[in-house]
Chemist: 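One structure coming up, written as structure tokens, with questions to follow.
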Amino acid sequence: MKQQLEQLVLAALNNLPGGLLPEAPSPAAIVVERTRDTQHGDFATNVALRLAKAARRKPRELAEAIVAALPVNPLVARTEVAGAGFINFFLTTNAYAQELATVHELGERYGRSNLGQGQRVMLEYVSANPTGPLHVGHGRQAAYGATLANLLGAVGFDVAREYYINDAGRQMDILAVSTWLRYLEICGEELPFPANGYRGDYVRPLAQKLHTKLGEKLRRPATAVLANLPVDAPEGDKEAYIDALMKRARELIGADGFREVLELSLAEMLTGIQADLAEFGVVFDRWYSERALSDSGAIDRALARLEAQGRLYRQEGALWFRATEFGDEKDRVVVRENGQKTYFASDIAYHLEKRELGFERLIDVLGADHHGYIARVRAGLIAMGEPGDCLEVNLIQFVSLFRGGEKIAMGKREAQFVTLRQLREEVGNDACRFFYLMRSHDQPLDFDLELAKSRTNENPVYYIQYAHARVASVMKQLAARELSFDRAEGLTSTELLVGSQEQAVLNSLARYPEALEQSAVNRAPHTLVHYLRELANALHTYYNAEQFIVGDAKLRNARLALVLGVQQVLRNGLTLLGVSAPESM
RNA sequence: GCGCCCGUAGCUCAGUUGGAUAGAGCGCCUGGCUACGAACCAGGAGGUCGGGAGUUCGAAUCUCUCCGGGCGCGCCA
């Protein structure tokens, strides 16, 4: 609808008497918007205000000229010039009737578009380290990323969903040694647990699995493990301590034994994460391993590319990338003095590889604490000859959990933190995803468990679902009265839908494609949430004002066609959000 | 200190590339079930859009500055 009006305005501008406009109007300059107030019609444009100065005319005068030049169109009932020089469009009831027919015709495809024109987008989200279970913060990233992927797909982008597994580096060694120590405990050895180890209870099942698989094969006496180790925190250095412990582990069980522990731990953690996300309705097209990236030589290739461009230099034994030349605040180490490549090196290699795979746009969904990372990865891409603006990073602000107004404390390596799984089990997937998505992602989120669980009117979760179920309930009632819905008659009787609630519902319904597009373009799932709430509100209001199942068959079918259209759009929207659309509740 | 995000009703938050009288939910007050589900609806009270300056036909929105809050600034990942 909006697009058609923009075309109309463009045609009018081209029809204007010669010399009124200094230059030919560009389609981009024409903006038609939904009005905020129905008194101003359905749509309005401010072109006259924008072009008044260039045309050397008063805005209202120019507006009048534009209105006079507007071609006749069956969608538009009338136009008016209002306010400072706005042009308001009042649509015909037929325009809305056609839109309702489109909803019925397209069904679950209604609202989709080809805005993205098949552009290939790689969307990376969650990518939590496989060293612990997903927590509530990852949950927000998962809900956001999964929904954004749905939104982009719905408006015509070719989206690949990816999870990057940070399975390389020291953290994996720490996980392995943590598992081994718990394994030794199961074997009956008594030893202290390192301050810098992964202390969470989730490590014990890994150790149990190891024990079941290998028996006592990797058991070593505690005295041998602990002999001549430096002092652990708090008195000593926890980093030095755990490094010594990892070295000791390799000595005692060998590189092969250590690798076995590591692989089992990693596999178990990943399986858990994958199951967790799958149950949450969050899926990926590819789980990509940092080690695979390294093994493929991609990191060396990326570094060679930087070297060839003269972007690397050596200082104090390390190899540095001149990131400052590309907008970063400081240069970055890519190869450490000890010869190990940094996380940053694999990161730029990874992003380069995404480009080499043919993705035009790279979107990373990251926690808010990663913002420092954007400039340096972008610098890396530019230095390697890629356009810096192909990378887009959406930062997800933190989640604070509350229980009845009481904030729940969360620590990173603490033994007690709330996992995504616990949260889902307590409040359910639907409430979980809804609460994660109802706020803008760049706003910190207060997640109240009691509110999410409550079945009262304080809880916004059920409002939209209830509207959907309500329509289903009406249809059941229809069947119970031994009546049936005649779609064809309903769609040809829409001229009977003249009540103010009916007009409001039709209007709200027709806004869905715009809301969806806006939600996708702005990377803002919460926009869709708010739209769906408004649509549900229109339905509830209508429901309370009018009886749908009435004696007059034409009116009955028209009303049912309308509410079924609402149900369809609610279902389409909820599906994109990953929230179920129940028939009853 | 530097960088990123943010500050809107008592609370939690929307507010589109700058548009017309700044909105919603909760809470509070009033009213609505012998009609398809009251997990609902209708109405009301409630605002210096953190403060100040600027840009212009027009600013919650853009710029500057100050105040307040969150996060980040490693040869960790």
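Naming: A, B, ... by sequence-line order, numbering from 1 per chain.
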Chemist: Give a yes/no on whether any side-chain N or O of A/Y543 is located under 4.0 angstrom from OP1 or OP2 of B/rA38.
Modeler: yes
Chemist: Please confirm whether A/R78 makes a cation-pi placement over A/F90, using NZ or CZ under 6.0 Å from the six-membered ring centre and within 45° of the ring normal.
Modeler: yes
Chemist: What is the separation between atom CG on A/N537 and atom P on B/rC26, rounded to the nearest whole Å?
Modeler: 10 Å
Chemist: Need one value for A/R533: base, sugar-phosphate or nothing, where a base atom within 4.0 Å counts as base even if backbone is also close, heavy atoms only.
Modeler: sugar-phosphate
Chemist: So what does A/A82 touch, heavy atoms closer than 4.0 Å: a base, only the sugar-phosphate, or nothing?
Modeler: base
Chemist: Determine the contact category for A/N88: base if any of its heavy atoms lies under 4.0 Å from a base atom, sugar-phosphate if only primed atoms, P, OP1 or OP2 are that close, otherwise nothing.
Modeler: base
Chemist: Are A/Y436 and A/F447, when compared by the centres of their aromatic rings, separated by less than 6.0 Å?
Modeler: yes
Chemist: Determine the contact category for A/Q340: base if any of its heavy atoms lies under 4.0 Å from a base atom, sugar-phosphate if only primed atoms, P, OP1 or OP2 are that close, otherwise nothing.
Modeler: nothing
Chemist: What does A/Q315 touch in the nucleic acid at a heavy-atom separation under 4.0 angstrom: a base, only the sugar-phosphate, or nothing?
Modeler: base
Chemist: Counting the atoms with a prime plus P, OP1 and OP2 as sugar-phosphate, which does A/N46 contact under 4.0 Å by heavy atoms, base, sugar-phosphate, or nothing?
Modeler: base
Chemist: Please state the C1' separation for the pair B/rG51 and B/rA14 - nearest whole angstrom.
Modeler: 24 Å
Chemist: Could you check whether the side chain of A/D369 and the base of B/rG72 have a donor-acceptor pair of N or O atoms closer than 3.5 Å, going by distance alone?
Modeler: no
Chemist: So A/F398, base contact, sugar-phosphate only, or nothing? Heavy-atom distance under 4.0 Å.
Modeler: sugar-phosphate
Chemist: Classify A/P444 by what it touches in the nucleic acid, base, sugar-phosphate, or nothing, heavy-atom distance under 4.0 Å.
Modeler: sugar-phosphate
Chemist: Closer than 4.0 Å, any side-chain N/O of A/T541 to the OP1 or OP2 of B/rA42?
Modeler: yes
Chemist: Under the criterion salt bridge (Lys or Arg N to Asp or Glu O under 4.0 Å), which of A/K330, A/R311, A/R376 is the partner of A/E325?
Modeler: A/R311
Chemist: Quick one: label A/E546 by what it contacts on the DNA or RNA (base, sugar-phosphate, nothing), any heavy atom closer than 4.0 Å.
Modeler: base
Chemist: To the nearest Å, give me how far apart CG (A/N522) and P (B/rU17) are.
Modeler: 6 Å
Chemist: With rounding to whole Å, what would you report as the distance between B/rA60 and B/rU21 at their C1' atoms?
Modeler: 15 Å
Chemist: Would you say A/R336 places a side-chain N or O within less than 4.0 Å of OP1 or OP2 belonging to B/rA77?
Modeler: yes
Chemist: Donor-acceptor pair, distance only, cut-off 3.5 Å: does the side chain of A/N88 make one with the backbone of A/E80?
Modeler: no
Chemist: Looking at B/rC62, which nucleotide sits across from it as a Watson-Crick or G-U wobble partner, both distances under 3.5 angstrom, or is there none?
Modeler: B/rG54
Chemist: Between the base of B/rA35 and the side chain of A/N544, is there any donor-acceptor pair under 3.5 Å?
Modeler: no
Chemist: Starting at atom CG of A/L115, determine the distance to atom P of B/rU16, rounded to an integer number of angstrom.
Modeler: 19 Å
Chemist: What is the separation between atom CD on A/Q443 and atom C1' on B/rG69, rounded to the nearest whole Å?
Modeler: 11 Å
Chemist: Distance check needed: B/rG19 P versus A/I87 CD1, whole Å only.
Modeler: 17 Å
Chemist: With rounding to the closest Å, how many angstrom separate the C1' atoms on B/rA22 and B/rG47?
Modeler: 9 Å
Chemist: Closest nucleotide of RNA chain B for A/T35 versus for A/T342: which of these residues is on the 5' side?
Modeler: A/T35
Chemist: Does A/R439 put a side-chain nitrogen or oxygen below 4.0 Å from OP1 or OP2 of B/rU12?
Modeler: no
Chemist: Classify the nucleic acid contact of A/E33 as base, sugar-phosphate or nothing, counting any heavy atom under 4.0 Å across all strands shown.
Modeler: base
Chemist: Side-chain N or O of A/K330 less than 4.0 angstrom from OP1 or OP2 on B/rG3?
Modeler: no
Chemist: Tell me which nucleotide among B/rC40, B/rC36, B/rG19 gets nearest to the side chain of A/I549.
Modeler: B/rC36
Chemist: Checking all strands, does A/A375 fall into the base, sugar-phosphate, or nothing category for heavy-atom contacts under 4.0 angstrom?
Modeler: nothing
Chemist: Paired with B/rA24: which nucleotide, if any, by Watson-Crick or G-U wobble criteria at under 3.5 Å for both distances?
Modeler: B/rU12
Chemist: With the side chain of A/E329 defined as its heavy atoms from C-beta on, choose the nearest nucleotide among B/rG3, B/rA39, B/rC76.
Modeler: B/rG3
Chemist: Tell me if the aromatic rings of A/F344 and A/Y373 count as close, with their centers under 6.0 Å from one another.
Modeler: no
Chemist: Work out how far the C1' atom of B/rC41 is from that of B/rC11, and round it to whole angstrom.
Modeler: 24 Å
Chemist: Using heavy-atom distances to pick each residue's nearest nucleotide on RNA chain B, tell me which of A/A524 and A/S584 is more 5'.
Modeler: A/A524
Chemist: Taking B/rG74 as the reference, what is the distance to B/rC64 when you measure between their C1' atoms (whole Å, please)?
Modeler: 34 Å
Chemist: Whether A/E337 and A/R314 form a salt bridge (side-chain N of Lys/Arg under 4.0 Å from carboxylate O of Asp/Glu) is what I want to check.
Modeler: no
Chemist: Can a side chain N or O of A/H526 be found less than 4.0 Å away from OP1 or OP2 on B/rG15?
Modeler: yes
Chemist: Provide, to the nearest angstrom, the distance between the OH atom belonging to A/Y531 and the P atom belonging to B/rA14.
Modeler: 20 Å
Chemist: Please state how far atom CZ in A/R481 lies from atom P in B/rC36, giving the value in whole angstrom units.
Modeler: 7 Å
Chemist: Does the ring of A/Y466 lie flat against the base of B/rG37, closer than 5.5 Å centre to centre with planes under 30°?
Modeler: no
Chemist: Contact class for A/A318 vs. all strands (heavy atom < 4.0 Å): base, sugar-phosphate, or nothing?
Modeler: base
Chemist: Determine, answering yes or no, if A/H40 is stacked on B/rA20 under the 5.5 Å centre rule and the 30° plane rule.
Modeler: yes
Chemist: If we ignore hydrogens and angles and just use 3.5 Å, is the side chain of A/H540 paired with the main-chain N or O of A/Y463 as donor and acceptor?
Modeler: yes
Chemist: Please confirm whether A/R511 makes a cation-pi placement over A/Y531, using NZ or CZ under 6.0 Å from the six-membered ring centre and within 45° of the ring normal.
Modeler: no
Chemist: Which nucleotide wins on minimum distance to the side chain of A/H540, given the candidates B/rC41, B/rC76, B/rG72?
Modeler: B/rC41
Chemist: At 4.0 Å (heavy atoms only), tell me whether A/Q397 reaches a base, stays on the sugar-phosphate, or touches nothing.
Modeler: sugar-phosphate
Chemist: What integer number of Å spans the P atoms of B/rU55 and B/rG72?
Modeler: 39 Å
Chemist: When rounded to the nearest Å, what value does the distance between P atoms of B/rC49 and B/rU61 take?
Modeler: 10 Å
Chemist: Please determine whether any donor N or O and acceptor N or O are separated by less than 3.5 Å between the side chain of A/H530 and the base of B/rG15.
Modeler: no
Chemist: Starting at atom CZ of A/F548, determine the distance to atom P of B/rC41, rounded to an integer number of angstrom.
Modeler: 13 Å
Chemist: Are there more than 12 heavy atoms of other residues, nucleotides or ligands under 6.0 Å from atom NZ of A/K453?
Modeler: yes
Chemist: Partner lookup for B/rG7, please. Criteria are Watson-Crick or G-U wobble with both distances under 3.5 angstrom; report none if nothing qualifies.
Modeler: B/rC67
Chemist: Anything under 30° is parallel, anything over 60° is perpendicular, the rest tilted; go ahead and classify A/Y350 against A/Y288.
Modeler: parallel
Chemist: Does a nitrogen or oxygen in the side chain of A/R470 sit under 4.0 Å from OP1 or OP2 of B/rA38?
Modeler: yes
Chemist: Considering only the P atoms, how many Å lie between B/rG23 and B/rC40, rounded to the nearest integer?
Modeler: 23 Å
